[in-house]
Amino acid sequence: MSICVVGHSNPDTDSVAAAISFANLLKAEGSDAVACMQSDAASLNPESTVVLEKFGMAAPEEIKDAAGKEIALVDHSDIGQAPANIGDAEVVAIVDHHKVGDITTNNPILFNAQPVGCTCTVLNEMYKIKGIDIPKDIAGVMLCAILSDTVNFKSPTCTDADKAAVADLKTIAGVDDTDALFMDMLKAKSSVDGVPAKDLLFRDYKDFDMNGNKVGVGQLELATLDQVAAIRDDLYKAMEEVKADGRHSVLLMLTDVVKEGTDLVVVSDDNALIEKAFDGKLDGTSMWVDGMMSRKKQTVPNLQKAFGC
Ligand code: MG
Ligand code: MG
Ligand code: MG
């Protein structure tokens with residue numbers, strides 16, 4: 001029986017790349033293993049799709065039910081993120097970089113979880129220890145996984161081990177410019193092409209009650225503000241429509257992940273209040289707020305203060 005190597009549900013690039021990488025390592029050691037994912041290739045997220053294309057790799061095969069199978073988990077160890085009926089499977093290995101989850105086993109297994117930024121960083125070390133060469137295309141997708149999980153080293157989860165693994169893998173994969181590679185991935189992830197303005201506004205949107213006022217805040221993470229230059233008027237119209245449906249304000253955070261700030265688009269009954277909240281001045285319909293990246297940690301608390309919550 002082949003070992004199905006699989007990452008978490010709603011797979012990200014690490015879950016896909018780590019499944020490919022660990023399946024290859026198991027095969028190199030003489031096991032029968034196959035890379036799997038909890039998605040069909042057509043519904044895989046745009047970033048991972050671009051990554052697989054870039055290095056000429058096929059998507060892992062879809063697994064829907066783990067019952068009766070031998071399973072190796074990567075990038076998670078939680079029952080809730082594992083394939084259906086994981087309790088009726090035999091989990092034979094786990095490679096991860098998260099807190100230990102709630103999977104249990106009847107037998108001792110290979111369990112390698114480390115506090116680093118990406119599962120592929122752990123796998124790179126495993127290849128090194130075992131003295132097995134990583135094929136060029138697999139090194140490429142592992143490299144992308146580390147750049148993605150660590151947000152190109154900017155995430156607080158990034159460690160020196162992740163940076164060292166990137167240095168190893170870029171050489172094997174023949175990639176000179178990892179910043180350019182990260183930008184390509186970010187553009188794929190944040191693509192707005194052909195998406196209706198209202199869908200973009202609601203892509204990552206939440207309503208809040210601010211002292212009796214309904215305030216909506218959406219966010220689009222972008223590689224560059226140029227990505228939305230041509231659709232700003234449409235976005236603004238969509239915001240006006242949403243505001244007209246009983247809201248005090250609708251804000252849209254156009255977050256430039258590279259410049260690390262947000263162009264905050266505002267439709268409000270009280271522009272002065274919003275300006276005060278962010279200590280800024282609207283220039284037309286928006287204002288640049290340097291360093292604003294997080295709705296939860298930055299935007300909402302400042303609004304709550306301004307609304308006297
Ligand atoms: Mg993940
Ligand atoms: Mg990960
Ligand atoms: Mg991730």
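Just follow the structure's listing: the first ligand is 1, and inside any ligand the first atom is 1.
Side-chain polar atoms of Ser9 and Gln38 form no donor-acceptor pair below 3.5 angstrom. Under the 3.5 Å distance criterion, with hydrogens and angles disregarded, no donor-acceptor pair is assigned to the side chains of Ser21 and Asn24.
Glu260 has its side chain within reach of Met293: a pair of non-hydrogen atoms, C-beta onward, lies under 4.5 Å apart.
In summary, an N, O or S atom of Asp75 is located under 2.8 Å from the Mg ion (ligand 2). Among the backbone and side-chain atoms of His98, none of the N, O or S atoms lies under 2.8 Å from the Mg ion (ligand 1). The Mg ion (ligand 2) has an N, O or S atom of Asp149 under 2.8 Å away, backbone or side chain. The Mg ion (ligand 1) has no N, O or S atom of Asp14 closer than 2.8 Å. The Mg ion (ligand 2) has an N, O or S atom of His97 inside 2.8 Å of it.
Without hydrogens or angle criteria, Ser15 side chain to Gly7 main chain gives no donor-acceptor distance under 3.5 Å. At least one donor-acceptor pair under 3.5 Å links the side chain of Asn211 to the backbone N or O of Phe307.
Counting just the N/O/S atoms of Asp12, the one with the shortest distance to the Mg ion (ligand 1) is named OD2.
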